[in-house]
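Notes follow the structure.
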Amino acid sequence: MLKKLKFEELGLSKEVLRAIADLGFEEASPIQSEAIPVVMTGRDIIGQAMTGSGKTAAFGIPLIEKVDTKQRIPQALVLCPTRELAIQVAGEINKLSKYRLQIPALPIYGGQPIERQIHALRRGAKIIVATPGRLCDHLERNTISLKAVKMVVLDEADEMLDMGFRDDIEAILKQTPSTRQTLLFSATMPAPILHIARTYQKDPHIIRVAHEKVTVPAIEQVYYEIESSRKADLLTRIIDINNPKRVIVFCNTKRRVDDLVHDLHGRGYSADGIHGDMTQQKRNRVMDRFRKGTTDILVATDVAARGIDVSDIDIVFNYEIPQDEESYVHRIGRTGRAGKAGKAFSLVSGHEMYRFRAVMRYTRANITKLPVPSFKEIEEVKTNKMLNTVRSAIQEKNLENYAQMIECLLREEFTSLDIAAALLKLYLHKSQPQPKPQQERAEHSSRDGAPRRQRHFNRR
Ligand code: ADP
Ligand code: MG
């Protein structure tokens, strides 16, 4: 098992811990658990971990902790290969630093008017996130001084070298004090990276997030490619089609758990969330309801799920792809216990695909891609279910009283087909309040005091 620590174990300031709590991160990812304590001691590191493993916070958090809040000049510099990454990394750092630093980290990249950046620099950002090309322009114009920089991060170093930034990177490093701390992150370690490391780092501590071998449970695994914003919709569709008794839906953050539970309630599903922020008492209550079948859907984070001992889970959903492959295996191991057939469904958004491919390589499992079921298919499934219900009601007999009522209508010269169709229409409208269209969903989530329609999909 990869080492994962609680953020509280990392010796961080209460301001940063509070920001982490706001983001809903439940525990530090493996690269964060390894890197943060070492970087806090001031040592250089080389970090190798796959995309999506949380490298930004791995260097961002120590950067935020180590800058001097009184000095209004650049003290930390992050170099990124692209403008998008520079914006994204600065954004993540700002979320983490919001209670500690008044002046946000400043992204510096090509394509934006340089005057605007010069103006922004005067506000006194302590952390700069830059693409090498644009930073060199500033250095040539003397509009940025790197003389107070204590920490430099080369993020996605292999990517930067591939893009031909080698000379720029070296020019930049030469303008920073030689006493600086240098952090290098790269997915791969080709010779040019090692050369940079040798030339510009001091005895770097090397961190590679590697995995042990695992046995992947033999259960049916499938995935869907779907935009994040449509995941809740797809989740409920799959649930409607499969009609499972008990499912666990995994999310990566506590925030996401709460949001999804809220969303599911709005759609009329009985769901409960469980995560590390809840008191033991509350967790017990949630688990009780889930065990008894009062709730059908348990939305959980990895941490909370570790303590769960419920054996007959029909489906495990990966609502978000976990940050390390081992978690995937732990998650899906929740289903298919005691010789029962289980299923694991992963909902993969575009930017999660890279991480999911790593999961597939790691598990060497045959994970089949399924097309997103259409509205029509779902209607068909529902209709079939409905007709079966009618068939079994006919077979059960005991219909005399009802038959008399129908005779009344028949005497009014309606045909039996008309009557049956009308009854079916009334029945379907009553029993199927699934809010699919947008306006209906808005109506559900509005808190207008109207009773919320709770639907138990295992009791239809
Ligand atoms: P990398 O740089 O390794 O590709 P990122 O730093 O961009 O990965 O992180 C990927 C995603 O994971 C981001 O959305 C980030 O907010 C989220 N994330 C980072 N750390 C954690 C954590 N400890 N728990 C949950 N989510 C996290
Ligand atoms: Mg990154």
Side-chain angles (χ1 to χ4, degrees), residues 2-10 12 16-17 19-37 39 45-64 78-98 105 107 129-131 153-160 183-188 207-209 228 250-260 275-277 300-305 318-328 331 348-359:
L2 292 170
K3 186 172 89 172
K4 277 191 251 171
L5 297 176
K6 294 251 159 210
F7 282 106
E8 289 76 16
E9 296 174 85
L10 294 172
L12 307 177
V16 169
L17 285 176
I20 292 169
D22 284 0
L23 282 169
F25 294 177
E26 185 150 62
E27 60 180 356
S29 70
I31 184 84
Q32 291 162 0
S33 300
E34 292 259 346
I36 293 173
V39 178
I45 63 162
I46 296 179
Q48 209 179 344
M50 66 163 170
T51 304
S53 53
K55 293 189 285 290
T56 315
F59 61 76
I61 289 172
L63 246 52
I64 295 163
V78 182
L79 293 180
C80 293
T82 65
R83 155 204 168 122
E84 287 72 27
L85 272 173
I87 294 171
Q88 198 184 311
V89 166
E92 178 114 350
I93 290 179
N94 289 334
K95 284 186 202 146
L96 290 163
S97 69
K98 66 179 177 185
V129 185
T131 53
V153 181
L154 306 178
D155 190 20
E156 309 222 2
D158 49 354
E159 196 75 13
M160 289 199 284
L183 315 177
L184 189 154
F185 289 90
S186 191
T188 56
I207 298 171
R208 282 177 73 169
V209 176
S228 297
F250 280 100
C251 297
N252 290 357
T253 64
K254 299 183 255 196
R255 259 295 261 300
R256 205 57 190 262
V257 167
D258 291 339
D259 290 350
L260 180 58
H275 56 60
D277 265 3
T301 56
D302 294 283
V303 172
N318 291 301
Y319 195 75
E320 292 176 288
I321 303 310
Q323 289 189 300
D324 58 295
E325 300 95 324
E326 275 178 32
S327 294
Y328 175 85
R331 286 177 177 188
V348 191
S349 71
H351 75 272
E352 289 175 319
M353 210 45 225
Y354 185 95
R355 214 150 75 220
F356 193 65
R357 279 200 203 95
V359 167

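Every number for a ligand or one of its atoms is a count from 1 in the order of the listing. Only this structure's heavy atoms are used, side chains among them; waters, hydrogens and symmetry mates stay out.
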Check your understanding: How far is atom 4 (O) of ligand 1 from its nearest protein heavy atom, and which residue and atom is that?
Key -> Gly52 N, 2.5 Å
Check your understanding: Counting from 1, what ligand 1 atoms have a heavy atom of Ser29 closer than 4.0 Å?
Key -> 23 (N)
Revision key, fill the gap. heavy-atom search around atom 12 (O) of ligand 1 in the protein gives Gln323 NE2, 2.9 Å
Practice item. Could you tell me whether a side-chain N or O of Lys55 sits under 3.5 Å from a main-chain N or O of Ala49, the two making a donor and an acceptor? Key: yes
Check your understanding: Can you check whether Arg83's main-chain N or O pairs, donor with acceptor, with Thr131's side chain at less than 3.5 Å?
Key -> no
Check your understanding: Does the side chain of Glu26 pick up a donor-acceptor pair with the side chain of Thr301 at under 3.5 Å?
Key -> yes
Revision key, fill the gap. When every non-hydrogen atom of Gly54 is compared with those of Ser29, the smallest separation belongs to CA-OG, 4.3 Å
Exercise for review: List the atom of His275, the atom of Val257, and the distance in Å for their closest heavy-atom pair.
Suggested key: CD2-CG1, 3.9 Å
Check your understanding: Which ligand 1 atoms does Glu27 reach within 4.0 Å, using its non-hydrogen atoms?
Key -> 22 (C), 23 (N), 24 (N)
Review point. Mind checking what makes side chain to side chain contact (heavy atoms under 4.5 Å, CB included) contact with Glu352, not counting sequence neighbours?
Key: Lys231, Glu320, Ile321, Val348, Ser349, Arg355
**Study point:** Contact partition for Asn252 relative to ligand 1, non-hydrogen atoms under 4.0 Å
**Key:** backbone
Study note, to complete from the structure: Counting from 1 in the order shown, the ligand 1 atoms closer than 4.0 Å to a non-hydrogen atom of Thr56 are 2 (O), 5 (P), 6 (O), 7 (O)
Exercise for review: Would you mind running through ligand 1 and noting each atom that sits below 4.0 Å from a heavy atom of Ser53?
Suggested key: 1 (P), 3 (O), 8 (O)
Please tabulate, one pair per line, all N/O donor-acceptor pairs under 3.5 Å involving side-chain atoms of residues 89-98, not counting sequence neighbours.
from, atom 1, to, atom 2, distance (Å)
Asn94, OD1, Ala105, N, 2.7
Asn94, ND2, Ala90, O, 3.1
Asn94, ND2, Ala105, O, 3.4
Ser97, OG, Ile93, O, 3.1
Lys98, NZ, Asp22, OD2, 2.8

Check your understanding: Do the rings of Phe356 and Tyr328 sit parallel, tilted or perpendicular, given the 30° and 60° boundaries?
Key -> perpendicular
Practice item. Using protein heavy atoms only, decide if any is under 4.0 Å from atom 14 (O) of ligand 1. Key: no
Check your understanding: Where on Tyr354 is there a heavy atom closer than 4.0 Å to ligand 1, on the side chain, on the backbone, on both, or on neither?
Key -> neither
Revision key, fill the gap. Ranking Gln32, Lys55, Arg256 by closest non-hydrogen atom to atom 20 (N) of ligand 1, top hit is Gln32
Review point. Below 4.0 Å from any atom of ligand 1, is there a heavy atom belonging to Phe7?
Key: yes
Review point. When you measure from atom 8 (O) of ligand 1 to every protein heavy atom, which one gives the shortest distance, and what is it?
Key: Gly54 N, 3.2 Å
Practice item. Around atom 25 (C) of ligand 1, find the nearest protein heavy atom and jot down its residue, atom name and distance. Key: Phe25 CD2, 3.5 Å
Practice item. Decide, yes or no, whether a salt bridge links Asp324 with Lys4 under the criterion of side-chain N to carboxylate O below 4.0 Å. Key: yes
